[in-house]
Amino acid sequence: MTQDSTTQKTSGAGTVFLIGAGPGDPGLITVRGLEKIRTADAVVYDYLASPALLNEARPDAELIYVGKKGKDHTLEQDAINDLLIAKALEGKSIARLKGGDPFVFGRGGEEAEELVRAGVPFEVVPGVTSAVAAPAYAGIPVTHRDHASMVMFITGHEDPTKEESAIDWEVPARCPGTLVFLMGVKNLPYITECLMKHGKPADTPAALVRWGTTPNQVSLVSTLKKIPHEAEHKGIKPPAVLIVGSVAGLHDTLAWYENKPFFGKRILITRSREQSVGMARQISEKGGEPVLFPTITIQPPADTTRLDEAIEKIAEYDWVIFTSVNGVERFFQRFLHVRCDVREMAGPRIAAIGPVTAAAVQGRGIKVQLLAKEFTAEGLLAGLPEERTRGKRFLIPRAEKARDVLPEGIAAMGGLVDVVPVYRTCVSEVSDVEKVRDMLQKKRIHAVTFTSSSTVRHFVEILGRDSVHALTDGAVLASIGPITSRTMKEEQLPVHVEASKYTIAGLVNALAGHFSRSFRDGGGEVG
Ligand code: SAH
């Protein structure tokens with residue numbers, strides 16, 4: 001189509017960014033794409049764009065779904081074009097998210113032409129196409145010096161009943177490189193037949209990768225002749241790419257993503273939403289799908305008088321003991337509010353119960369003099385000999401409700417202890433309870449993680465003491481350490497995994513070890 005050179009940019013129109021959202025793994029978007037999502041007034045997306053990317057949009061941004069699933073178009077292409085133009089003419093900047101790359105079988109070219117016609121400015125942010133990424137996550141390089149020096153991207157969407165094919169099948173059939181078909185699942189028998197009819201050997205390796213780069217990825221390696229039958233047998237449906245060529249045979253050697261310990265596993269995180277981010281990242285890194293179910297929220301204590309008093313007389317303390325990252329964060333927030341200067345902390349020495357808590361203190365430029373050997377209250381007490389404790393003054397800023405082992409232990413050695421609440425953990429108003437309950441019921445959650453006693457108590461409370469056991473039956477229940485495990489046992493929940501190092505990383509590693517072992521032993525699979 002030729003472009004009308006007299007087309008003027010409509011003044012005041014917002015820019016439409018045609019953004020490649022990548023093939024599914026939200027980590028595969030470009031930095032530029034992410035920046036545009038974060039600043040757009042409206043985000044227009046289809047069903048292949050990763051839902052996680054939508055969380056990046058501004059809270060006030062308009063989110064518009066225009067998804068397509070085969071023939072089931074929520075909005076026809078014309079309507080999508082009209083929508084983009086109308087929104088842009090309102091002066092809005094628009095992030096138009098498209099799966100993979102917008103200009104690879106994404107109809108991005110057509111949308112751009114319409115925008116030009118309407119005088120709406122646009123930019124293209126290229127993305128990682130599924131044509132390359134899905135094979136890559138299945139351990140299939142689309143080119144390889146020993147296998148393929150060229151690669152062809154082909155649509156598999158053709159109507160096989162059409163008299164005249166738009167594809168000259170001679171060309172791909174004779175191509176000595178790799179063929180990658182998109183949108184080809186429905187036409188698999190037709191595509192493979194055409195290729196063989198035009199001379200592609202029936203024993204050419206062929207692979208299908210469904211939902212590539214996501215925790216739901218499924219791959220199948222076979223031959224050109226056998227793959228339609230095997231795909232049907234394995235129930236492979238769209239979206240999937242078909243790879244034809246000897247590179248497909250490298251899957252067995254190079255598969256890496258599917259070998260990750262959490263591959264195909266959905267893992268529930270029960271801690272507060274703010275604290276879940278790091279843990280979710282560690283789970284994704286190991287190939288799993290984190291499901292956020294924040295059972296607690298962290299709130300300021302009902303009354304800060306005692307905390308403020310302690311902060312006023314901070315120099316009188318010999319030790320301040322921190323028992324959690326939350327405690328550190330909330331304490332310093334209040335400290336700066338009351339004293340305005342972190343240097344006023346100069347007097348007391350600092351102890352921390354675990355390495356992550358210590359890092360939170362050290363991140364504020366303050367040295368930690370004592371770290372518990374085992375990351376529990378008991379472990380910390382072991383590091384405080386009586387001669388260092390007797391007559392000394394201790395401040396423990398921590399949760400409103402917590403165990404008394406530490407203050408009692410110090411008092412028993414003659415220390416003078418002030419325990420002051422710096423935060424409360426409250427039962428969270430979980431918005432997704434029904435969704436998670438449904439996933440548990442259908443045994444689609446493979447593991448539930450507990451990172452404190454309060455996550456256990458609140459989890460039971462939210463799901464109901466009567467139903468929680470049936471709901472979690474079959475899932476692996478994992479605990480961060482012995483105190484949390486004890487609470488689980490009190491709630492009659494089995495403890496399948498307990499971290500030997502009582503940190504989030506320790507818990508994630510212990511769970512990964514569990515899944516690797518049960519995979520090796522051929523058992524322990526759930527759901
Ligand atoms: N613009 C997209 C392609 C859109 S056409 C891109 O560059 O990736 C839609 C087709 O892309 C699907 O039918 C399927 O063949 C392929 N596809 C998209 N995401 C995929 C994924 N995660 N795994 C496998 N194939 C995928």
Side-chain angles (χ1 to χ4, degrees), residues 17-30 33 44-53 66-75 77 80 95-112 124-140 142 151-160 166-167 172 178-188 190-192 206-221 227-228 231 234-244 248 251 255 257-258 263-264 284 287 289:
F17 296 92
L18 295 169
I19 302 172
D25 177 345
L28 291 179
I29 192 166
T30 62
V44 178
Y45 63 102
D46 55 35
Y47 100 114
L48 288 175
S50 167
L53 292 174
V66 294
K68 293 179 201 174
K69 235 182 204 170
K71 283 218 176 71
D72 158 35
H73 289 198
T74 301
L75 269 187
Q77 190 63 45
I80 298 177
R96 166 65 173 123
L97 282 188
K98 298 177 80 75
D101 179 274
F103 277 9
V104 178
F105 299 126
R107 304 190 72 167
E110 291 160 59
E111 282 176 22
V124 182
V125 185
V128 181
T129 177
S130 62
V132 172
Y137 270 53
I140 301 173
V142 289
V151 52
M152 223 180 243
F153 298 154
I154 309 165
T155 173
H157 193 45
E158 266 218 322
D159 182 354
I167 295 170
T178 306
L179 311 179
V180 182
F181 289 87
L182 282 81
M183 303 172 281
V185 175
K186 242 181 57 217
N187 284 340
L188 209 53
Y190 170 73
I191 293 166
T192 50
L208 274 166
V209 185
R210 184 184 189 212
W211 281 124
T213 81
T214 77
N216 301 320
Q217 174 171 312
V218 175
S219 61
L220 165 68
V221 180
I227 203 160
K234 205 166 171 181
I236 294 191
K237 296 195 174 65
V241 294
L242 167 70
I243 304 121
V244 179
H251 164 85
Y257 184 59
E258 291 164 29
F263 177 71
S284 302
E289 183 179 345

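Read the numbers this way: they start at 1 and go in the same order the structure lists the ligands and their atoms.
Where the criterion is an N or O separation shorter than 3.5 Å, residue side chain and backbone included, T213 fails it with respect to ligand 1. Not one N or O of L182 is nearer than 3.5 Å to an N or O of ligand 1, by distance alone.
Minimum interatomic distance between T213 and A133 (heavy atoms only, all atoms of both residues): CG2-O, 3.8 Å. Considering every non-hydrogen atom in both T192 and P228, the closest pair reads OG1-CG, 3.4 Å. Heavy atoms only, all atoms of each residue included: A131 and V142 are closest at O-CG1, 3.8 Å.
S130 OG, 3.4 Å is the protein heavy atom nearest to atom 16 (C) of ligand 1. With respect to atom 22 (N) of ligand 1, the closest heavy atom belonging to the protein is P23 O, 2.8 Å. Protein heavy atom nearest atom 4 (C) of ligand 1, with residue, atom name and distance: F105 O, 3.3 Å. Among all protein heavy atoms, the one lying closest to atom 10 (C) of ligand 1 is M183 CG, 3.6 Å. Here the heavy atom of the protein found nearest to atom 3 (C) of ligand 1 is V104 O, 3.5 Å.
Between F153 and F105, the distance from one ring center to the other does not fall under 6.0 angstrom.
Between P23 and L28, some side-chain heavy-atom pair lies under the 4.5 Å cut-off. Counting heavy atoms from C-beta on, the side chains of L242 and L179 never come closer than 4.5 Å. For the pair R107/Q77, a side-chain contact is recorded, criterion being any heavy-atom separation below 4.5 Å from C-beta on.
Residue G99 places a heavy atom under 4.0 Å from ligand 1. Within the structure, the closest approach of P238 to ligand 1 does not fall below 4.0 Å when heavy atoms are considered. The closest approach between a heavy atom of D101 and any atom of ligand 1 is below 4.0 Å.
K98 contributes a side-chain N or O that, together with a main-chain N or O of G106, makes up a donor-acceptor pair within less than 3.5 Å.
Among V180, T155, T214, T129, the residue whose heavy atom lies closest to atom 7 (O) of ligand 1 is T129. Checking G156, G212, A134, A240 against atom 23 (N) of ligand 1, the nearest heavy atom belongs to G212.
Atom CD of E110 and atom CZ of F103 lie 10.5 Å apart (nearest 0.5 Å).
Ligand 1 places these atoms under 4.0 Å from at least one heavy atom of V209: 24 (C).
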